[in-house]
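One structure is given below, encoded as structure tokens.
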Amino acid sequence: MSDYDDAEKRDVLRDVADELREEDSEEAERVAAIVHRVSDIYDEDEDVDAQHVYLNMRNILQISEQGGIER
């Protein structure tokens, strides 16, 4: 794949995340955060891979399910 393909994927994912944020709900914000984080895989300025993103998002979702950091 070329860099253009990755940049296009990143931009589409970030556009989807932005649209989700317009829903103004906690669930939409969580999904938007996940989609945006996945887009980092396609960003040449980010040093992440799919496994790193998965583990990061799993941790965030677990904390969220437990009521957040400030319980």
Side-chain angles (χ1 to χ4, degrees):
M1 291 194 158
S2 71
D3 289 338
Y4 176 76
D5 291 332
D6 286 349
E8 186 175 35
K9 289 175 188 175
R10 179 198 64 227
D11 292 344
V12 168
L13 287 167
R14 290 183 179 170
D15 286 344
V16 169
D18 289 343
E19 287 180 28
L20 285 166
R21 285 190 175 99
E22 292 175 7
E23 294 297 316
D24 197 31
S25 75
E26 193 172 315
E27 293 81 13
E29 181 58 36
R30 281 189 206 134
V31 174
I34 292 169
V35 172
H36 190 92
R37 189 68 176 124
V38 168
S39 77
D40 288 344
I41 295 170
Y42 301 102
D43 189 336
E44 64 185 33
D45 295 331
E46 295 288 337
D47 186 26
V48 297
D49 60 15
Q51 182 178 7
H52 180 261
V53 169
Y54 167 77
L55 292 172
N56 179 249
M57 293 313 307
R58 185 181 71 177
N59 186 45
I60 289 170
L61 290 172
Q62 287 174 340
I63 290 170
S64 178
E65 286 177 0
Q66 296 170 1
I69 293 174
E70 299 177 13
R71 290 194 312 148

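If you read the sequence from its start, that first residue is 1, and numbering goes on from there. If you're wondering where the values come from, they're calculated on a predicted model, not measured in any experiment.
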Exercise. Is a side-chain donor or acceptor of Ser39 paired with a backbone partner of His36 at a separation under 3.5 angstrom?
Worked result: yes
Exercise. Side-chain contact, heavy-atom cut-off 4.5 Å: Glu44 with Asp6?
Worked result: no
Exercise. Picking from Asp43, Ile41, Val38, Asp18, what satisfies side chain to side chain contact (heavy atoms under 4.5 Å, CB included) with Leu13?
Worked result: Val38
Exercise. Does the side chain of Arg30 reach to within under 4.5 Å of the side chain of Met57, using non-hydrogen atoms?
Worked result: no
Problem set entry | Evaluation steps, side-chain contact (heavy atoms from CB on, under 4.5 Å), between Ile63 and Asn59 | CA-CA 6 Å; Ile63 290 170; Asn59 186 45; 4.0 Å; yes
Seminar exercise, completed: For Ala28 and Ser25, the nearest pair of non-hydrogen atoms, with its separation, is N-OG, 3.1 Å
Exercise. More than 12 heavy atoms of other residues, nucleotides or ligands under 6.0 Å from CD of Gln62: is that the case?
Worked result: yes
Problem set entry | Hydrophobic cluster identity match, Ile60 and Val53, side-chain contacts under 4.5 Å | yes
Problem set entry | Spatial distance of atom CG (Asp5) from atom OH (Tyr42) [nearest 0.5 Å] | 10.5 Å
For this session: Report yes if the side chains of Asp49 and His52 come closer than 4.5 Å at any heavy-atom pair, otherwise no.
Result: yes
Exercise. With a 4.5 Å heavy-atom cut-off, do Leu61 and Ile34 have their side chains touching?
Worked result: yes
Problem set entry | Exercise: identify the closest heavy-atom pair between Asp40 and Glu46 | O-CB, 3.5 Å
